[in-house]
Amino acid sequence: MSSHREAPEISKDPVADSTDVYAFVSPDQPDTVTLISNYIPLEGPDGGPNFYAFGDDVLYAINVDNNGDGKPEIVFQFRFQTTYRDPDSFLYNVGPIESLTSSNWNRVQTYSVTRVDLPSGQATVLGTDLPCPPCNIGPLSTPNYASLAQAAVQQLGSGVTVFAGQRAEGFYVDLGAIFDLGDLRPFENLHNMFGLTNTGLSSPAPGVNATDMVNVHTIAIQLPISQVTASGTVPSDPTSPSSVIGVWASAYRQKVRIYEPTPGTVNGTGPWVQVSRLGNPLFNEVLVPITKKDYWNSQQPVDDAQFAQYVANPQLAQLLPVLYPGVFPNLQAFNQSGKARDDLVAILLTGIPNGVVKGFQNSGGSVQADMLRLNLAIPPASSPSNLGLIGGDPAGFPNGRRVFDDVATIELRAVAGATIPLVDPSYTPDKAAGEISMGLTSGPTDLSAMGTENYLSSFPYLGVPHSGFDVPASSSC
Amino acid sequence: MGRFDRRTFLKGGTAAVAAVGALSALPTVAPAVLGAVSGGAEEAGPTLAEELPAVGEPLVARITDAASGEIELYFGETGITTRDPELVGRLLRAAAR
């Protein structure tokens, strides 16, 4: 949910609302790359009677730029179709679903995957009638769910593996606090509180993972690295721009929707229109003005220079010294100088070039485009840090994004000035900039957000979804 | 690829980075799968049967510029822009009833 319900219009359209995108060299199969895009934010496990599914009327895409021009050279398109084994039943399932072909499973969804190479437009269908797993309902409806869902991991040949279906939400964030006027619970006693009294915020408090016990719908594809690079080979030189790919997700709806009261259907017609996209986490969520967020969703990354001003002078950076008086004096002085945040522009719009961070670069070119930029020549970390690059781990965000990267903390620290020295070595970040945190991990080596996240060590890496039977959530929510 | 290195980066990344310029008009998704709204001069009508909307398939007309008679037609996965002042006039009169 690093971009969940982030724009007014898309917030009304959950099945087309991209929540997170991940891109990383697969840690258990380092000759492959894994690309993941998630949809349907804040998906409650107990979603009966229909539960949740991808939109049959949505075109989902994962895009890859492999030459640094800000445009996709490879697009993986996903289309879904729902069928009903018993259209006269009101039930999602009429008995235990013990296999993906169970006749007890009424509302079944399948999908196709097509690879499109641009600019030629050559389309290659990689798979059709691929099964989504059912939603995780409970011990009677979906016994042995983990293995049931694992059966939906499909091998398509040529080393390509795909999965599309429900997963446990992997993004962790103290949503309730951060959007309560920038409350960071570990530091909330320092908040200016706008003069309010009796707020109950007099002491530091532990963070609360808002996504604990919620699910998401995941599209995941894993494929040999050589199949996404421009050269068709596996990069070995981390200093070469050609080792970097840009990745983002997009979703489309047809231009016109026609509601037919009889027989109670909704059909689309006309050309596909992009209604959602996501590259770097939190870009549209916290940098783009609210009146431009849906417009941002309609645009292509190659045109993101029009939004660079919001990255170069983010409102959030201006607010931090105001919300936390006396905590960010250096940031405040920097803000008052009027200097642009070229560090954020590099991290989020162009990638970091060679020579700025020793042993690291993820800049495939100079085009300002919001994409996850993954350097395929940097191997997975043997001892990962959830703080990624700023934690000394070049295999983590902003080098692509792994499922356990604490992107909210990383980006807050960056916005708070921790990364200004990348472009201005004379700047000294405030002490707080290096300590700011969502408060959801026990430390940089915590890859489970204090036990609220249960990732898998293999594809599709996001954990087994929570069952509706087990919700309402535990007291940690 | 444009020149983008440590020296230009430290001097001021935003200044060194070339602006993209005008919004891209190129479709970024496969035309084979995703239709694009194609502009065209005033058309006499499609000449191939397979270009016509299928029987029973919705066809939606949207007047985008009544003064010039510009109208967009949506069907299937396609959008067509055409100019037909006479058609636009008839549609507007029908809507006014």
Side-chain angles (χ1 to χ4, degrees), chain A residues 59 61 63 67-72 75 77 79 114 116-119 121-123 241-242 250 252 254-256 258 267 269-272 274 299-306 308 311-312 340-343 345-346 349-356 363-369 422-425, chain B residues 1-40 46 51-64 70-82 91 95:
Chain A
L59 170 65
N63 307 274
N67 64 6
D69 64 356
K71 302 175 186 177
V75 181
Q77 297 178 341
R79 294 298 312 275
T114 302
V116 182
D117 288 278
L118 296 170
Q122 179 181 353
S242 62
S250 47
Y252 306 80
Q254 289 181 279
K255 197 169 178 75
V256 181
I258 301 173
N267 295 303
T269 194
W272 293 94
Q274 184 175 296
Q299 298 297 290
Q300 304 306 318
V302 70
D303 300 317
D304 277 341
Q306 62 182 310
V311 182
R341 292 297 303 271
D342 294 334
D343 56 313
V345 171
L349 283 178
T350 61
I352 300 171
N354 277 307
V356 176
S363 177
S366 60
V367 174
Q368 291 183 324
L422 292 177
V423 296
D424 183 353
Chain B
M1 277 178 272
R3 179 167 179 263
F4 186 66
D5 55 24
R6 179 173 183 275
R7 180 177 301 169
T8 57
F9 181 75
L10 291 178
K11 279 185 178 178
T14 48
V17 171
V20 174
L23 298 179
S24 170
L26 296 175
T28 57
V29 292
V33 177
L34 303 178
V37 176
S38 58
E51 293 177 357
L52 294 172
V55 174
E57 183 182 69
L59 186 151
V60 177
R62 175 186 174 213
I63 299 170
T64 50
E70 185 177 274
I71 188 168
E72 284 185 359
L73 303 175
Y74 310 123
F75 58 93
E77 297 184 356
T78 303
I80 293 175
T81 302
T82 189
L91 289 171

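The chains referred to below are lettered A, B, ... by the order of the sequence lines, with proteins before strands, and numbering in each begins at 1.
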Separation of T78(B) OG1 from K255(A) NZ (nearest 0.5 Å): 13.0 Å
Closest heavy-atom pair and its distance - Y74(B), T269(A): O-OG1, 3.9 Å
Minimum heavy-atom distance between P271(A) and G79(B), given as atom pair plus value: CD-N, 3.6 Å
